[in-house]
Amino acid sequence: MTFEEAKNKLAPAGQEHLLTYYEELTEEGKAGLLNQIDALDLSLLDLIQDGAKEVAKGKLEPLGAVTLEKIAQKKDDYEKKGLEAVKACKVGAVLLAGGQGTRLGLDKPKGMLNVGVNKELYLFEQLINNLLQVVKKADAWVPLFVMTSEKNNEDTTTFFREHDYFGYNKDYVFFFVQEMAAASSYEGKIYLEEKGRIATSPNGNGGWFSSLAKAGLLDKINEFGVEWLNVFAVDNVLQKIADPVFVGATIDAGCVCGAKVVAKADPNEKVGVLCLEDGKPSIVEYYEMTDEIINSRDEKGTLLYNYGVILNYLFDVKTLTRLMNENMPTHVVEKKIPYINEKAELVKPTEPNGYKFETLVLDMIHMMDNCLSFEVEREREFAPIKNRTGVDSLDSARELMKKNGIEF
């Protein structure tokens with residue numbers, strides 16, 4: 001892209017200010033800025049023309065789950081079927097690790113958090129340990145795809161190399177960088193974070209498959225013969241990965257995706273709930289639910305909207321590939337965005353000062369024809385580390401690690 005082409009692209013959208021410092025940049029800096037402008041999706045700004053609006057939900061209905069009791073009855077059959085798939089390299093794993101540990105006081109990738117007390121035990125390391133349990137049981141390696149971001153890719157890949165992939169076979173570990181989206185002010189002006197760098201952020205966890213494909217890893221997936229991808233979050237230290245029982249149950253049900261869920265601790269727990277929306281599987285966030293929906297119960301007194309997702313999903317690769325080019329909803333989120341002001345001074349706001357644009361993995365569920373809701377034991381599989389203290393903190397995760405016999 002030339003300077004004139006960039007100017008012609010930006011002018012109709014009122015974004016010429018992105019070229020303010022162009023002449024002050026080195027030749028390399030100029031080329032870098034033009035590449036960023038070339039990649040800009042200015043249509044995202046249409047979403048905030050009259051202020052940010054949340055994506056509207058359709059008609060919601062409850063969706064039950066394969067309960068712990070039912071799973072126990074068929075566990076051996078499910079596990080056998082799942083292990084067969086793992087042994088045949090039909091199951092891959094996707095670790096969503098694009099975030100930083102800022103909220104936890106760590107200015108590094110969240111997966112580099114030391115969760116140990118008596119010894120060093122990193123979040124990445126414990127997740128690999130969890131996956132190795134399946135590898136040993138199946139006597140087969142599971143291809144692992146790790147999604148990083150522009151901001152943490154170098155730190156993450158270096159960390160894995162320095163720790164010899166925590167005992168995992170490096171020939172089965174692949175890194176890819178999440179795509180980015182520009183951040184704007186409330187007035188719809190895209191921010192600069194440096195004179196030659198547009199303020200961007202990862203485009204949300206819903207961009208994982210398109211980012212993986214853009215990195216050329218679909219060829220690797222097809223080469224391995226992977227038919228299922230288990231997507232999971234970096235911050236849940238008890239995350240079971242490529243779980244043969246979960247895989248087997250999803251295959252047995254004839255579903256194109258599955259979601260691990262936990263029974264809600266109480267009606268008002270702040271978790272997304274798996275349900276039906278306009279007859280298709282969907283996830284409704286806690287803030288989107290009315291009091292009537294939150295408290296509705298069946299004749300036995302059980303909550304109708306009872307199963308919260310834990311960001312552990314299983315997707316059929318063929319279905320994902322077919323749907324890859326379909327548009328997903330984009331969510332507009334208020335955030336604190338560092339930027340340079342009129343004097344080119346870096347400002348780090350303490351309050352939200354604009355919008356970021358994200359796609360969410362939960363919207364991928366609604367693109368599926370069906371989804372197996374698979375209940376797991378909260379204390380065995382759900383110990384997210386999101387806060388420094390209190391609920392869903394390192395302290396609460398360590399308590400559950402201790403209960404599960406994990407040495408740390």
Side-chain angles (χ1 to χ4, degrees), residues 94-117 121-130 146-149 151-152 155-156 159 178 201-208 231-241 259-274 283-289 307-313 331 333-337 350-352 356 358-363 376-404 406 408:
V94 181
L95 167 56
L96 305 181
Q100 296 286 92
T102 314
R103 284 174 64 184
L104 303 170
L106 177 71
D107 190 27
K108 292 287 183 182
K110 188 181 281 190
M112 289 173 62
L113 179 72
N114 179 20
V115 298
V117 175
L121 179 65
Y122 302 103
L123 197 42
F124 280 140
E125 182 178 7
Q126 184 55 41
L127 291 172
I128 293 292
N129 290 343
N130 296 349
V146 182
M147 184 174 79
T148 65
S149 65
K151 296 186 191 305
N152 77 7
D155 282 340
T156 301
F159 195 67
Q178 185 175 9
S201 65
N203 66 349
N205 57 29
W208 69 269
V231 186
F232 61 100
V234 70
D235 59 10
N236 179 3
V237 74
L238 295 184
Q239 198 86 261
K240 282 191 179 180
I241 307 153
K260 285 196 169 188
V261 297
V262 292
K264 290 172 74 171
D266 67 74
N268 293 298
E269 184 179 6
K270 294 181 177 181
V271 292
V273 173
L274 196 60
I283 294 165
V284 57
E285 293 285 16
Y286 65 91
Y287 54 79
E288 297 176 306
M289 300 170 71
Y307 295 105
V309 291
I310 63 170
L311 217 170
N312 187 314
Y313 304 109
H331 298 260
V333 188
E334 289 191 57
K335 293 283 187 177
K336 292 179 280 190
I337 304 160
T350 56
E351 298 293 331
K356 291 184 179 182
E358 301 178 348
T359 57
L360 302 177
V361 68
L362 59 84
D363 287 314
V376 299
E377 290 184 63
R378 179 185 290 265
E379 292 202 340
R380 289 192 176 276
E381 296 200 34
F382 191 44
I385 303 173
K386 297 184 180 296
N387 307 307
R388 289 198 190 194
T389 56
V391 178
D392 294 343
S393 65
L394 182 55
D395 289 339
S396 63
R398 282 174 173 159
E399 283 181 31
L400 289 171
M401 288 167 68
K402 189 175 181 180
K403 281 187 179 181
N404 283 276
I406 297 172
F408 60 93

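For the pair N152 (side chain) and T148 (backbone), a donor-acceptor distance under 3.5 Å is absent. E358 places no side-chain N or O within donor-acceptor distance of the main-chain N or O of P202, the cut-off being under 3.5 Å. Judged purely by atom type and a 3.5 angstrom limit, N236 uses its side chain to pair as donor or acceptor with the backbone of A383. N130 places a side-chain N or O within donor-acceptor distance of the main-chain N or O of Q239, the cut-off being under 3.5 Å. Put simply, the side chain of N203 never gets that close to the backbone of T359: no donor and acceptor are under 3.5 Å apart. Without hydrogens or angle criteria, R378 side chain to A263 main chain gives a donor-acceptor distance under 3.5 Å. The backbone N or O of L394 sits nowhere less than 3.5 Å from a side-chain atom of R388 that would complete a donor-acceptor pair. At least one donor-acceptor pair under 3.5 Å links the side chain of N312 to the backbone N or O of K240.
Between atom NZ of residue K403 and atom CZ of residue R380 there is a gap of 10.5 Å, rounded to the nearest 0.5 Å. To the nearest 0.5 Å, atom CE of residue M112 and atom CD of residue Q100 are 9.0 Å apart. Residue N114 holds its CG atom at 14.5 Å from NZ of K108, rounded to the nearest 0.5 Å. Rounded to the nearest 0.5 Å, atoms CG (L238) and CD1 (I310) are 9.5 Å apart. Atom CG in L311 sits 8.0 Å away from atom CG in D235 (nearest 0.5 Å). Interatomic distance, T102 OG1 to K151 NZ, rounded to the nearest 0.5 Å: 10.0 Å.
Classified by interplanar angle (parallel below 30°, tilted 30° to 60°, perpendicular above 60°), the ring pair F124/F159 is tilted.
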Run V309 and V271 through side-chain contact (heavy atoms from CB on, under 4.5 Å) and show every step you take. CA-CA 7 Å; V309 291; V271 292; over 6 Å; no

Run V231 and N205 through side-chain contact (heavy atoms from CB on, under 4.5 Å) and show every step you take. CA-CA 10 Å; V231 186; N205 57 29; over 6 Å; no

Quick one: do L95 and F232 satisfy side-chain contact (heavy atoms from CB on, under 4.5 Å)? Show the steps, please. CA-CA 5 Å; L95 167 56; F232 61 100; 3.5 Å; yes

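Looking at heavy atoms from C-beta onward, F382 lies out of side-chain contact with V376 at the 4.5 angstrom threshold. Considering only heavy atoms from C-beta on, S393 stays 4.5 Å or farther from K386 through its side chain. The closest side-chain heavy-atom distance from V234 to L96 is not below 4.5 Å. Contact of the K336 side chain with the P352 side chain is registered, since non-hydrogen atoms from C-beta on lie closer than 4.5 Å. Residues I283 and Y313 have side chains in contact (heavy-atom distance under 4.5 Å, counting atoms from C-beta outward).
Among all heavy-atom pairs drawn from A233 and L127, the shortest one is O-CD1, 4.4 Å. Taking each heavy atom of R398 and V115 in turn, the nearest pair found is NE-O, 3.0 Å. The two residues K264 and G308 have their closest heavy-atom pair at CG-N, 4.3 Å.
In the displayed structure, D107 atom CG is contacted under 6.0 Å by at most 12 heavy atoms of other residues, nucleotides or ligands. More than 12 heavy atoms of other residues, nucleotides or ligands lie within 6.0 Å of CD in E269, so this atom counts as buried by the packing criterion.
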